[in-house]
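For reference, the structure discussed in these notes is given below.
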Amino acid sequence: MDRPVRVRFAPSPTGPLHIGGARTALFNWLFARHHGGVFILRIEDTDRTRYVPGSVELITEGLRWLGLDWDEGPEVGGDYGPYVQSERVGLYREWADWLVAHDKAYRCYCSPERLKELRKRGVQGYDRHCRYLSPEERAEHDARGDSYVIRFKMPLEGQTTVHDLIRGDITVENSTLTDLVLLKSDGFPTYHLANVVDDHFMEISHILRADEWIPSAPVHWQLYRAFGWEMPAIAHLPVILNPNGKGKLSKRKAGFTHDGRKVPVLLHEFREAGYLPAAVVNFLTNIGWSFGEDREVFSVEETIQRFDLSRVNPSGGVFPLNKLDWLNGIYIRETPPDELARLLREPLERAGYTVDDDLLRRITPLIQTRIHRLNDVVEMAGFFFRDQVTPGVEDLIQKRMDADSTKAALEAARETLLGLPDFEPETLESALRALTDTLGLKARQLFGVLRVAITGQRVAPPLFETMAIVGRDKCLERIEAAIRLLA
RNA sequence: GCCCCAUUCGUCUAGCGGCCUAGGACGUGGCCCUCUCAAGGCCAAAACAGGGGUUCGAGUCCCCUAUGGGGCACCA
């Protein structure tokens with residue numbers, strides 16, 4: 001039956017948003033937007049021991065940075081609230097008790113020590129000891145006020161099949177399923193109970209979650225059946241694996257890229273590394289989903305129009321970080337220069353530079369095709385914001401030149417620059433090109449010397465535009481300094 | 001150990017029984033452009049995990065093996 005589309009992203013507030021979580025959120029959001037449905041943010045904070053204050057803010061901040069807006073949830077409210085599980089404990093308790101009353105769950109008085117002992121003996125799950133307690137034994141425990149958990153009475157035989165929208169039927173033998181805990185001894189629900197109860201009462205139509213949840217799908221199916229509720233349609237998104245080979249992507253195991261950078265894993269690390277949110281979104285949609293038509297670059301609007309589950313790939317894959325660098329470069333080049341200039345300010349300031357807006361606006365077009373991440377501006381164009389540059393002698397001396405010819409070239413250039421009517425790029429270029437002839441140097445030699453003298457770098461934006469921005473006085477100063485260096 | 005899921009170039013992927021001489025993209029290599037580096041243009045190398053079936057025909061369907069991943073908590 002077709003229900004109105006209502007999907008949710010349900011993170012636990014145990015820290016900042018992980019890129020994998022962001023991908024799950026994105027796919028849910030795209031699904032909702034494509035179908036004109038509702039996207040809900042729900043906070044699953046039922047484990048009080050793992051709660052990290054401030055996480056919710058970190059998560060909502062991350063979602064907003066990506067441009068994912070939620071229709072119901074924290075900060076925006078909605079008719080199905082509260083959207084924070086710790087504020088709904090009464091509900092879970094009520095339904096756990098309902099299951100007990102209807103003989104679909106039972107109180108288990110086993111101590112953590114006994115459970116640990118079971119595990120040591122190699123018992124998987126739970127041995128169902130308390131499932132078979134006599135009424136007298138139960139009464140005894142209750143009279144003593146023993147603490148208990150509520151466990152689900154899993155069917156002992158038969159099999160359970162859940163239909164996954166992406167991978168088809170998933171079938172398990174019920175005998176391999178355990179009597180999972182529904183309500184903990186502190187009165188809080190476990191994930192399984194809270195998740196099922198909330199999805200039902202929030203009228204969730206489709207569950208799109210990470211693939212590590214596949215094993216609990218049949219368990220949830222049994223819970224829905226016990227309650228007599230209809231289970232939402234479900235789909236498991238493929239895992240994202242570490243780029244360096246081992247296991248699923250995690251902060252601890254992500255490792256480093258080939259060029260020695262730390263692989264970003266938390267969403268805010270992507271922002272801090274200078275990636276654009278639109279590029280991250282585009283990148284994420286290319287993992288586990290494909291646009292079709294052999295296209296890799298597309299807008300969110302286009303994605304929303306086209307997004308569906310049939311194009312989601314069931315197999316997990318490695319996190320293709322270098323593709324993000326390429327994509328981000330494209331998005332940087334497509335950003336209007338004035339806007340890019342505004343974005344470039346932050347990384348420069350973080351690097352300790354005092355940024356003049358006017359100067360930055362003039363520099364931006366020169367580096368736009370030369371950076372892949374916003375942060376690259378520091379290395380590429382930092383010299384514009386320094387009073388002095390410190391070229392190395394070995395960098396100054398070009399191929400098939402020596403200290404003397406380099407010095408001579410600098411002196412000749414100084415005289416040429418002194419006599420120019422203006423300091424426009426065109427003027428500079430024609431004058432300096434003419435100078436290469438009189439000096440008998442290749443363009444790359446003379447320009448190379450000047451580039452290093454003026455920028456302090458072997459790799460820099462185009463020379464003449466750079467010189468025009470740096471200005472005649474500073475250029476001459478830096479040339480003098482280079483000459484002194486060679487003396 | 002038990003259970004579940006997956007398996008196409010190094011990587012992300014297209015492919016839903018004949019359009020496959022397996023397409024695109026990143027990366028890599030080469031060439032062009034060029035003041036360095038980019039950007040851009042052109043070209044190249046590069047894959048159906050293995051074995052059995054089913055079928056006139058299999059990358060596409062089924063089974064087995066191998067490999068990878070995930071799950072087996074009073075964590076989500």
Side-chain angles (χ1 to χ4, degrees), chain A residues 10-14 44-47 49-50 108 110-112 115-116 119 122 124-126 147-151 164 166-168 170-173 175-178 180-186 188-192 194-195 210-219 236 238-239 241 243 245-248 258 283 286-297 310-311 313-327 329-330 333 367-372 376 380 398 429 432-433 436 442-452 455 457-464 466:
Chain A
S12 283
T14 54
E44 306 213 329
D45 60 342
T46 56
D47 185 356
T49 63
R50 291 207 312 159
C108 167
C110 291
S111 65
L115 296 177
K116 203 182 280 175
R119 280 239 299 278
Q124 289 303 314
Y126 175 58
S147 82
Y148 62 87
V149 301
I150 291 181
R151 283 185 186 273
D164 183 294
I166 293 168
R167 27 200 113 221
I170 295 166
T171 302
V172 292
E173 294 293 329
S175 58
T176 65
L177 269 22
T178 187
L180 72 159
V181 172
L182 263 20
L183 201 76
K184 307 181 232 180
S185 56
D186 64 1
F188 271 62
T190 58
Y191 164 78
H192 303 286
N195 196 263
D211 131 319
E212 70 216 56
W213 293 108
I214 290 177
S216 60
V219 171
H236 293 90
V239 260
L241 273 18
K246 280 288 158 216
K248 62 174 178 176
H258 51 281
F283 168 71
N286 275 321
I287 309 176
W289 185 78
S290 60
F291 190 86
E293 295 174 16
D294 288 338
R295 283 185 60 194
E296 316 265 335
V297 185
S310 69
R311 295 196 70 84
N313 194 144
S315 55
V318 171
F319 193 60
L321 227 212
N322 61 4
K323 223 162 171 168
L324 175 59
D325 286 344
W326 162 74
L327 251 184
I330 289 177
R333 273 170 258 136
I367 61 168
Q368 191 153 15
T369 61
R370 275 164 250 268
I371 57 175
H372 286 100
D376 294 339
M380 180 65 70
Q398 301 297 300
E429 176 155 15
L432 290 169
R433 275 198 195 280
T436 58
K442 297 273 188 211
R444 56 189 306 137
Q445 293 177 305
L446 207 221
F447 299 168
V449 173
L450 289 172
R451 169 175 301 107
V452 174
T455 69
Q457 305 171 180
R458 292 189 97 113
V459 172
L463 221 214
F464 312 114
T466 299

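In what follows, every heavy atom counts, from backbone to side chain, and hydrogens, waters and symmetry copies are set aside. Letters go in sequence order (proteins before strands), and every chain restarts at 1. Note that this is a predicted model, so its numbers are computed, not measured.
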If the condition is side chain to side chain contact (heavy atoms under 4.5 Å, CB included), which residues does Glu212(A) pass it with, not counting sequence neighbours?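 Ala210(A), Lys248(A).
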
With sugar-phosphate taken as primed atoms, P, OP1 and OP2 and all else as base, the protein-contact string of nucleotides 28-38 of chain B at under 4.0 Å (heavy atoms; B, S, -) is -------BBBB

Under 4.0 Å protein heavy-atom contact, by nucleotide of nucleotides 9-16 of chain B - B base, S sugar-phosphate only: --SBSSS-

Output the rounded distance in Å from [atom1] ([X]) to [atom2] ([N]).
{"X": "Ile330(A)", "N": "C26(B)", "atom1": "CD1", "atom2": "C1'", "result": "10 Å"}
{"X": "Leu324(A)", "N": "G27(B)", "atom1": "CG", "atom2": "C1'", "result": "14 Å"}
{"X": "Asp325(A)", "N": "A25(B)", "atom1": "CG", "atom2": "P", "result": "19 Å"}
{"X": "Tyr126(A)", "N": "C74(B)", "atom1": "OH", "atom2": "P", "result": "10 Å"}
{"X": "Arg50(A)", "N": "A73(B)", "atom1": "CZ", "atom2": "C1'", "result": "11 Å"}
{"X": "Ile214(A)", "N": "G69(B)", "atom1": "CD1", "atom2": "P", "result": "15 Å"}
{"X": "Leu177(A)", "N": "C2(B)", "atom1": "CG", "atom2": "P", "result": "17 Å"}
{"X": "Arg167(A)", "N": "A6(B)", "atom1": "CZ", "atom2": "C1'", "result": "7 Å"}

Does [N] pair with anything, Watson-Crick or G-U wobble, both distances under 3.5 Å, and if so, with which nucleotide?
{"N": "C56(B)", "answer": "G18(B)"}
{"N": "C26(B)", "answer": "G10(B)"}
{"N": "G68(B)", "answer": "C5(B)"}

Once you round to the nearest 0.5 Å, how far does [atom1] of [X] lie from [atom2] of [Y]?
{"X": "His372(A)", "Y": "Met380(A)", "atom1": "NE2", "atom2": "CE", "value": "9.5 Å"}
{"X": "Asn313(A)", "Y": "Ile287(A)", "atom1": "CG", "atom2": "CD1", "value": "11.5 Å"}
{"X": "Tyr191(A)", "Y": "Asp47(A)", "atom1": "OH", "atom2": "CG", "value": "14.0 Å"}

Gap in Å between the two [atom1] atoms, one belonging to [N] and one to [M], rounded:
{"N": "G53(B)", "M": "A45(B)", "atom1": "C1'", "answer": "35 Å"}
{"N": "C32(B)", "M": "A39(B)", "atom1": "C1'", "answer": "14 Å"}
{"N": "C62(B)", "M": "C5(B)", "atom1": "P", "answer": "12 Å"}
{"N": "C9(B)", "M": "G51(B)", "atom1": "P", "answer": "16 Å"}
{"N": "G30(B)", "M": "G71(B)", "atom1": "C1'", "answer": "48 Å"}
{"N": "U65(B)", "M": "A6(B)", "atom1": "C1'", "answer": "15 Å"}
{"N": "G10(B)", "M": "A46(B)", "atom1": "P", "answer": "10 Å"}
{"N": "G70(B)", "M": "G27(B)", "atom1": "C1'", "answer": "29 Å"}

Is a donor on one side and an acceptor on the other found under 3.5 Å between the side chain of [X] and the backbone of [Y]?
{"X": "Arg167(A)", "Y": "Pro314(A)", "value": "yes"}
{"X": "Thr190(A)", "Y": "Val181(A)", "value": "yes"}
{"X": "Thr436(A)", "Y": "Lys442(A)", "value": "no"}

With heavy atoms under 4.0 Å as the rule, sort [X] into base, sugar-phosphate or nothing.
{"X": "Val149(A)", "answer": "base"}
{"X": "Pro11(A)", "answer": "nothing"}
{"X": "Pro13(A)", "answer": "nothing"}
{"X": "Glu44(A)", "answer": "sugar-phosphate"}
{"X": "Leu115(A)", "answer": "base"}

Side chain to side chain, Gln124(A) and Thr178(A), heavy atoms closer than 4.5 Å: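 They are not in contact (no side-chain heavy atoms under 4.5 Å apart), so the answer is no.
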
Given G70(B), C74(B), A76(B), identify the nucleotide with an atom nearest to the side chain of Ser185(A). C74(B)

Given C72(B), C4(B), C74(B), identify the nucleotide with an atom nearest to the side chain of Ile170(A).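 Shortest atom-to-atom distance from the side chain points to C4(B).
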
I want to confirm an ordering. Mapping Ser111(A) and Pro314(A) to their closest nucleotides on RNA chain B, which one lands closer to the 5' end?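 Its nearest nucleotide lies further toward 5', so the answer is Pro314(A).
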
Contact nearer the 5' end of RNA chain B, comparing Thr171(A) with Thr190(A):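 The residue mapped nearer the 5' terminus is Thr171(A).
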
Provide the closest heavy-atom pair for Arg333(A) versus Gln368(A) in the form atom of the first, atom of the second, distance. O-NE2, 3.4 Å

Tell me every residue that passes salt bridge (charged side-chain N to carboxylate O under 4.0 Å, His left out) with [X], counting only those two or more places apart in sequence or in another chain.
{"X": "Glu173(A)", "value": "none"}
{"X": "Arg433(A)", "value": "Glu429(A)"}
{"X": "Asp45(A)", "value": "none"}

Would one find a side-chain N or O of Thr46(A) under 4.0 angstrom from OP1 or OP2 of A76(B)? yes

Distance below 4.0 Å between Lys248(A) side-chain N/O and G71(B) OP1 or OP2: yes

